[in-house]
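Note sheet for the following structure.
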Amino acid sequence: MKYVIGNWKAYKSFSEVQEWLNTFTAHDLASIPQSLKVILCPPAPFLHMCAEKLHQYNISIGSQDISQFEIGPVTGEVTGTQLDGLAEYVIIGHSERRQYFHENDEVLSAKVRSALHHGLKVIFCIDGASDFIPEGVTMVVYEPIDAIGTGRNATVDSVMQMKSQLTHLPHCLYIYGGSVDSSNVTMYMQHDSIDGVLPGTAALNPQEFYELIQESLIS
Ligand code: PGA
């Protein structure tokens, strides 16, 4: 099984999401084989809308975040209780959350615990081998900061070099993210030891995202 995980970050309005979904679902999504797991991670307000439109296809929904709290007086938070049944996956540890929201190892561990408690599969992002990876994580995404949103995607060699430093995680899926698009995705997907990719920018355009999925199948 290979993975393509689209991360919209905090882009798109309600009408833009409608437009994206209409354009994307006009493609032959039914032909995406079971061997490729496509996961879309929209902003929280659009999770339900995307889930409704995409559930008939082999496409899963992921949340971009989860609260470290279970439930209660934490205004504005989206908790595991609320994501339960709405999303199947959740991104935790993205460098933007670490940088702008100061999420440290303790917070990230609490988020992973909550996600696992609610049966969500964790997509855990790291920037390097020294990043702490909480217990229970089974999918790690290597996202070197200088490759995110810059057009400077990492070489397969450097992605594999990072993997060789994660020997303490023998059973983890290993994903790469950072400026992945339809023109460079094949080299990652062709590699036996890379389980998938996490594109951000390339997922914003439905045509480009579809092409990226198609190119992912050429391996
Ligand atoms: P990018 O973003 O594909 O635009 O580099 C990836 C990510 O940060 O998740």
Side-chain angles (χ1 to χ4, degrees), residues 2-12 16-17 20 24 36-44 46-47 50 59-66 78 83 87-103 107-108 111-112 115 120-129 131 133 137-159 162-163 166 172-191 194-216:
K2 294 271 185 177
Y3 294 79
V4 170
I5 307 166
N7 174 17
W8 280 354
K9 310 192 179 188
Y11 291 103
K12 296 201 183 294
E16 285 168 346
V17 174
W20 190 99
F24 187 64
L36 185 72
K37 170 57 75 190
V38 179
I39 304 165
L40 183 67
C41 304
F46 307 131
L47 282 170
C50 291
I59 297 175
S60 298
I61 298 296
S63 174
Q64 293 176 19
D65 189 26
I66 183 172
V78 178
L83 290 173
E88 197 180 330
Y89 292 83
V90 58
I91 299 174
I92 298 178
H94 194 284
S95 61
E96 289 152 11
R97 302 280 331 163
R98 293 175 191 257
Q99 183 183 350
Y100 300 123
F101 303 96
H102 313 294
E103 294 188 356
V107 168
L108 296 177
K111 289 187 172 207
V112 168
L120 292 156
K121 293 171 194 143
V122 175
I123 301 165
F124 193 83
C125 301
I126 60 166
D127 166 48
D131 279 350
I133 298 174
V137 168
T138 52
M139 184 188 282
V140 167
V141 189
Y142 171 43
E143 293 211 313
I145 286 177
D146 59 359
I148 296 177
T150 59
R152 294 197 302 270
N153 58 301
T155 62
V156 168
D157 277 357
S158 69
V159 174
M162 177 56 55
K163 187 173 185 184
L166 300 173
C172 260
L173 292 169
Y174 183 63
I175 312 285
Y176 168 70
S179 297
V180 175
D181 61 25
S182 61
S183 72
N184 60 33
V185 68
T186 318
M187 66 181 179
Y188 302 110
M189 295 304 243
Q190 272 177 342
H191 205 291
I194 301 174
D195 297 298
V197 291
L198 193 159
T201 310
L204 291 172
N205 178 312
Q207 183 63 33
E208 166 65 4
F209 192 52
Y210 183 73
E211 273 167 35
L212 189 152
I213 290 166
Q214 291 303 305
E215 292 297 322
S216 299

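We count ligands from 1, going down the list as the structure has it; atoms in each ligand are counted the same way.
- If you run side chain to side chain contact (heavy atoms under 4.5 Å, CB included) between Val112 and each of Val107, Val122, Ile133, Val90, only Val122 comes through.
- Look at Ala147 and you'll find a heavy atom under 4.0 Å from some atom of ligand 1.
- In summary, the atoms of ligand 1 found under 4.0 Å from a heavy atom of Gly149, numbered by their order in the structure, are 1 (P), 4 (O), 5 (O).
- Contact atoms of ligand 1 toward Leu198: 6 (C), 9 (O) (distance under 4.0 Å to a heavy atom of the residue).
- In summary, the side chains of His94 and Glu143 do present a donor paired with an acceptor at a separation below 3.5 Å, with no hydrogens or angles considered.
- Each of Tyr210, Phe209, Tyr3 was checked for a side chain to side chain contact (heavy atoms under 4.5 Å, CB included) with Val38, and the lone residue meeting it is Phe209.
- At the shortest separation from atom 3 (O) of ligand 1 among protein heavy atoms lies Gly200 N, 2.8 Å.
- With hydrogens left out, the protein atom closest to atom 4 (O) of ligand 1 is Thr201 OG1, 2.5 Å, a heavy atom.
- Close approach of ligand 1 to Glu143 (heavy-atom distance below 4.0 Å) involves ligand atoms 6 (C), 7 (C), 8 (O), 9 (O).
- The atoms of ligand 1 that sit less than 4.0 Å from any heavy atom of Asn7 are 9 (O).
- Using modelled atom types, one finds a donor on one side chain and an acceptor on the other under 3.5 Å when comparing Ser183 with Asp181.
- Under the 4.5 Å side-chain criterion, counting only non-hydrogen atoms from C-beta, Tyr176 is not in contact with Met162.
- Under the 4.0 angstrom criterion for non-hydrogen atoms, Pro199 is in contact with ligand 1.
- Within the structure, ligand 1 has Ser179 among the residues with a heavy atom less than 4.0 angstrom away.
- The shortest distance between side-chain heavy atoms of Asp131 and Phe124 does not fall below 4.5 Å.
- In this structure, atom 2 (O) of ligand 1 lies nearest to the protein heavy atom Lys9 NZ, 3.4 Å.
- Considering backbone and side-chain atoms together, Gly178 places no N or O closer than 3.5 Å to any N or O of ligand 1.
- Tyr174 and Tyr142 have parallel rings, their planes meeting at less than 30° on a 0 to 90° scale where 60° marks the start of perpendicular.
- The only member of Pro144, Ser179, Pro199 that meets side chain to side chain contact (heavy atoms under 4.5 Å, CB included) when paired with Asn153 is Ser179.
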